K.L.:
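My questions all concern the structure below.
Note that the structure is predicted; figures quoted are calculated from it, not measured. All values below come from the heavy atoms of this structure, side chains included, with hydrogens, waters and symmetry mates left out. Throughout, a chain's letter reflects where its sequence line sits, starting with A, and its residues are numbered from 1.
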Protein chains: 2
Amino acid sequence: MTADEMVETLRSAGVRITRPRRAICEALVSSGTEHVDIATLAKRASELVDDHLDVSTVYRTVDLLEEHGLAHHVHLGHSGSIVHMAQERHHHLACEVCGRTVDVPLSEIGGLSDLLQRHQFGADSVHFAVVGRCKVHE
Amino acid sequence: MTADEMVETLRSAGVRITRPRRAICEALVSSGTEHVDIATLAKRASELVDDHLDVSTVYRTVDLLEEHGLAHHVHLGHSGSIVHMAQERHHHLACEVCGRTVDVPLSEIGGLSDLLQRHQFGADSVHFAVVGRCKVHE
DNA sequence: ATTTCTGCAAACGTTTTGCATGCCA
DNA sequence: TGGCATGCAAAACGTTTGCAGAAAT
């Protein structure tokens, strides 16, 4: 999804489009598969508008994007929020020692999907992470 | 495991046994399968000794219990720490709307175990949770 | 007696909120 | 213009830490 498509989705839902909001969408899209935290997102969006965007604005905008199904955020381990575009459909194995993450496609988690279905549990397939220690830190 | 057994394990590892530590063990044991957070644990342990135990003491004691393999803690969703006795070997499906949790025995997560093994990823089998929405909040 | 634990208070990092100003529609 | 979004600052939250006094060995 492009930033323009995100903005258009918001606009047609009656959401006001501002320079900061557009910049945050662009920063999120350009971050691709990277795992960006709120501070990084704020920094990149700020660079795009060549002005200071406050983290509170980023938090509010990410909430807004989540409400419209355009983004998700996840807590990898015991640290802060990681933001994601909604269509980045994969899971994470997050090492709590080094912070390294392994991305895992949905298809590899067959057993878990069954489990969720059996319990009628709507885990958003993006919105979770397994926290532990990667092979380097066993 | 009883609180006495926990205490004995600590003592024989050379750990000093204090009234607050014993109370925290007892509170943890008596919480059974419930998912207690740090504040609740502090409150219950405080009641047991009829004195105020500080949350910092609870944090330090939980760390200690984890070091000795007697407890684990996990972050369900976007909120604070949930503490667990170590032998409660199950996973959680945690609803981020109502806070309700479904406990799932290890045996039901075959696919995930394979996945972790394939990536040589040492997720402590207790130490993770799937966060989403239960069937009531779909 | 010595070591270590405790409570308190303060610091910390992340997230949220109140408010006056500024911007979008 | 009217209503909403923004930045800022301050508060809130969970967690950690430093320290002087208390307790365990």
K.L.:
Measure CG/A:Leu64 against P/D:dC4 and give the value in whole Å, please.
P.N.:
13 Å
K.L.:
Taking atom P of C:dT4 as reference, at what distance in whole Å does atom CD of B:Glu67 sit?
P.N.:
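These atoms are roughly 14 Å apart.
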K.L.:
Are A:Arg44 and A:Ser30 linked by a side-chain donor-acceptor pair shorter than 3.5 Å?
P.N.:
no
K.L.:
Heavy-atom nearest nucleotide on DNA chain D for B:Val15 versus A:Thr61: which residue maps closer to 5'?
P.N.:
A:Thr61
K.L.:
What are the two closest non-hydrogen atoms of A:Pro20 and A:Thr57, and how far apart are they?
P.N.:
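Of all heavy-atom pairs spanning A:Pro20 and A:Thr57, the closest is CB-CG2, 4.1 Å.
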K.L.:
Quick check: closest heavy atoms across A:Val29 and A:Thr2, and the distance to 0.1 Å?
P.N.:
CG2-C, 4.0 Å
K.L.:
Would you tell me if any nitrogen or oxygen in the side chain of B:Arg21 comes within less than 4.0 Å of OP1 or OP2 on C:dT6?
P.N.:
yes
K.L.:
OP1 or OP2 of C:dT6 versus the side-chain N and O atoms of B:Thr57: is any pair under 4.0 Å?
P.N.:
no
K.L.:
Could you pull out the closest heavy-atom pair between B:Arg19 and B:Val49, with the gap in Å?
P.N.:
NH2-O, 3.5 Å
K.L.:
B:Ile82 CD1 to D:dG14 P: how many Å, rounded?
P.N.:
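It is 11 Å, rounded to the nearest whole Å.
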K.L.:
In whole Å, I'd like the distance from the CG atom of B:Asp51 to the P atom of C:dG7.
P.N.:
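Distance, rounded to whole Å: 7 Å.
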K.L.:
Quick test of your reading of the model: are A:Arg11 and A:Glu8 salt-bridged, counting only N-O distances below 4.0 Å?
P.N.:
yes
K.L.:
At their closest point, which heavy atom of B:Leu53 faces which heavy atom of B:Ala42, and how far apart are they?
P.N.:
O-CB, 4.3 Å
K.L.:
Base contacts versus sugar-phosphate-only contacts with protein, heavy atoms under 4.0 Å: please encode nucleotides 15-23 of chain C as B, S and - from 5' to 3'.
P.N.:
BBBB-----
K.L.:
Testing the basics here: between A:Ser56 and A:Asp54, what is the closest heavy-atom pair and its distance to 0.1 Å?
P.N.:
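Reported closest heavy-atom pair: OG-OD2, 2.7 Å.
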K.L.:
Just wondering, do B:Val83 and B:Val74 contact through their side chains at under 4.5 Å, heavy atoms?
P.N.:
no
K.L.:
D:dA5 P sits how many Å from A:Leu53 CG, rounded?
P.N.:
15 Å
K.L.:
Can you tell me the distance, in whole Å, between the CZ atom of A:Arg22 and the P atom of D:dT6?
P.N.:
13 Å
K.L.:
For the helix from C:dA1-D:dT25 to C:dA25-D:dT1, figure out the bend between the end axes, five pairs an end, and round to 10 degrees.
P.N.:
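Between the first-five-pair axis and the last-five-pair axis there is 30°.
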K.L.:
According to a strict under-4.0 Å criterion, is A:His52 in side-chain N/O contact with OP1 or OP2 of D:dT6?
P.N.:
no
K.L.:
Please report the closest heavy-atom contact between B:Ala23 and B:Leu48, naming both atoms and the distance.
P.N.:
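Smallest heavy-atom distance, with atoms named: O-CD1, 3.6 Å.
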